[in-house]
Amino acid sequence: MTNPLTQTAAWAALTEHAAAMRGSHLRDLFASDPRRFASLSLEAEGLLLDYSKQRVTTETLRLLRELWRAADVAGWQARLAAGEAINHTEQRAVLHHALRHQHCTPVLFEGRDVMPDVHRVLAHMKSFCDAIHGRHWRGATGEPISDIVNIGIGGSDLGPRMATQALAAHRHRDVRVHYVANLDGADLATTLDGLQPRTTLFVVASKTFTTQETMQNAHSARAWLTASLGEAAVERHFVAVSTNLEAVAAFGIDPVNAFEFWDWVGGRFSLWSAIGLPLALAVGFANFTRLLEGAAAMDRHFREAPVDENLPATLALLELWNTNFLGAESRAVLPYSQSLGLLSRYLQQLEMESNGKQVGRDGTPVGHATCPVVWGEPGTNGQHAFYQLIHQGGRLIPCDFIAARRADFALPGHHEKLLANCFAQSEALMRGKTPVEAQAEVGAAQPALAPYKVFPGNQPSTTLLLPAIEPYTLGQLVALYEHKTFALGALWNLNSFDQWGVEYGKQLASRLLPIIEGKAPTTGLDSSTAGLIAACKP
Ligand SMILES: O=P(O)(O)OC[C@H]1O[C@](O)(CO)[C@@H](O)[C@@H]1O
């Protein structure tokens, strides 16, 4: 059965509305309504979301909100909050919001309040941060730790890595935090280059503690350490973050130095858990707490704000409109903030691993497009790389512009120019440049150039303005996208919390490894795979 939402009156009304909107241009919509910004923007929780440059009218939004009600997103929110196993293919609850819960009210999982466990691990993280920052934690030779290397991949890497860069202005001065993810030895080797074993601490971060990349890197890091300091040094130079405490102990990490989290925290939603330890080490535990508070504020907003004032709901509905009614296949994430340089990578996992699916909750195809390809780079760098295609490549590419009112690194003369570029880009994408304007620009001297200078415009974008890139606002921002992703899953009738698509490649890789190592024959392989393996034989 296809997604039942597509059979509703609200979906049919939107289909009709989209047909009627075809041919309208954003520049005309702005010209005919001077109040467009006022009616198609939202200010909540100190954030400003301007979606007036999306190809929508107030009627579009009214119809999309009908769809929201028809999909019973509120019902899904209630099921999630109640700790139901809404990740039904893995029989798991989804309770990452408990990790940032700011009240004494219980959060129940299987009838038991999870908050005492959450607070216990947070207290452990705090005391560990205090020990590192206070130079009480000493390495095997008695020296304090100057470098921390987080070894993890996917959700055990992208969140803290992205946030560490985002909060560079808040960095703790005495420790440097590095991230290693790739199985390619180049990642670990180049990170260790220049580090001293005696002052380096490894955080092995893995929900399962079985992920091939992480375990290989962890074993290689351990070999690097023990080669100069001996086996006994492992306990002063390795800590772990995992749900699998047995495997942590088997690796040789003292259980006292294991930071626990739980099955009800999905990998890509785990920044708020002990997976955030390297971030807390990088920016201090007080800043980590502010991040949690910002996320909690967004949780409250998503739960309580009516749909027409709700930031995550609005982002989700606009994405559904662009994807299912306008046919967009990708979305560019364009932060005008160097600090948010890794945001698009983070959102790739959050959104594409969550909603890059075609099979609905009932095990049959949903029958429509789902998650677009998420990609992007910070402005202004992207302007000198791929913006050409967004402006004149003829594809529909909705863009998320993200900017901060205040600079986090306030060098004179930079921030105003940055904002000018950000707003100019969304304006240019919206307006375009007509043939007449292009002609007037090139003048009589070079009329042949005019067609090259025409910009179709009508390229939709949303601009999100934060007060500044700070721990609290970063928490809000990440939670905003989390809720948007969850809401789209509900609208598209997907289980946003499993990731079976990642498994198949892993299975095949473990079948190919003994063949590449020469321990098994190539029998049964397709000719391409066999040919590639043969070409790599020494
Ligand atoms: O934390 P782990 O168990 O090492 O897993 C890492 C990542 O692998 C995945 O399971 C698949 O990519 C992610 O969801 C997860 O974040």
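Note that the coordinates shown come from a computational prediction; the quantities given were computed from them, not determined experimentally. Just follow the structure's listing: the first ligand is 1, and inside any ligand the first atom is 1.
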Atoms of ligand 1 less than 4.0 Å from [X] heavy atoms?
| X | answer |
| --- | --- |
| S156 | 1 (O), 2 (P) |
| I153 | 6 (C), 7 (C) |
| G155 | 15 (C), 16 (O) |
| T211 | 2 (P), 3 (O), 4 (O), 5 (O) |

Acceptor/donor pairs from residues 247-259 side chains to any protein atom, 3.5 angstrom cut, sequence neighbours excluded:
residue	atom	partner	partner atom	Å
D254	OD1	V256	N	3.1
N257	ND2	E235	O	3.4

Any idea which protein heavy atom is nearest atom 14 (O) of ligand 1, and the distance to it?
E353 OE1, 2.8 Å
Using heavy atoms and a 4.0 Å limit, tell me yes or no: is E213 in contact with ligand 1?
no
Anything under 30° is parallel, anything over 60° is perpendicular, the rest tilted; go ahead and classify F497 against H96.
tilted
Hey, does T214 come in under 3.5 Å of ligand 1, counting only N/O atoms on both sides?
no
Just distance, no hydrogens or angles: give the donor-acceptor pairs under 3.5 Å from side chains in residues 184-193, sequence neighbours left out.
residue	atom	partner	partner atom	Å
D184	OD1	A186	N	2.9
D187	OD2	A181	N	2.8
D187	OD2	N182	N	2.8
T190	OG1	A186	O	2.6
T190	OG1	D187	O	3.2
T191	OG1	D187	O	2.7

Just by distance, do the side chain of K357 and the backbone of N495 share a donor-acceptor pair under 3.5 Å?
yes
Keeping the roles fixed (side chain from T323, backbone from L320), state whether a donor-acceptor pair exists under 3.5 Å.
no
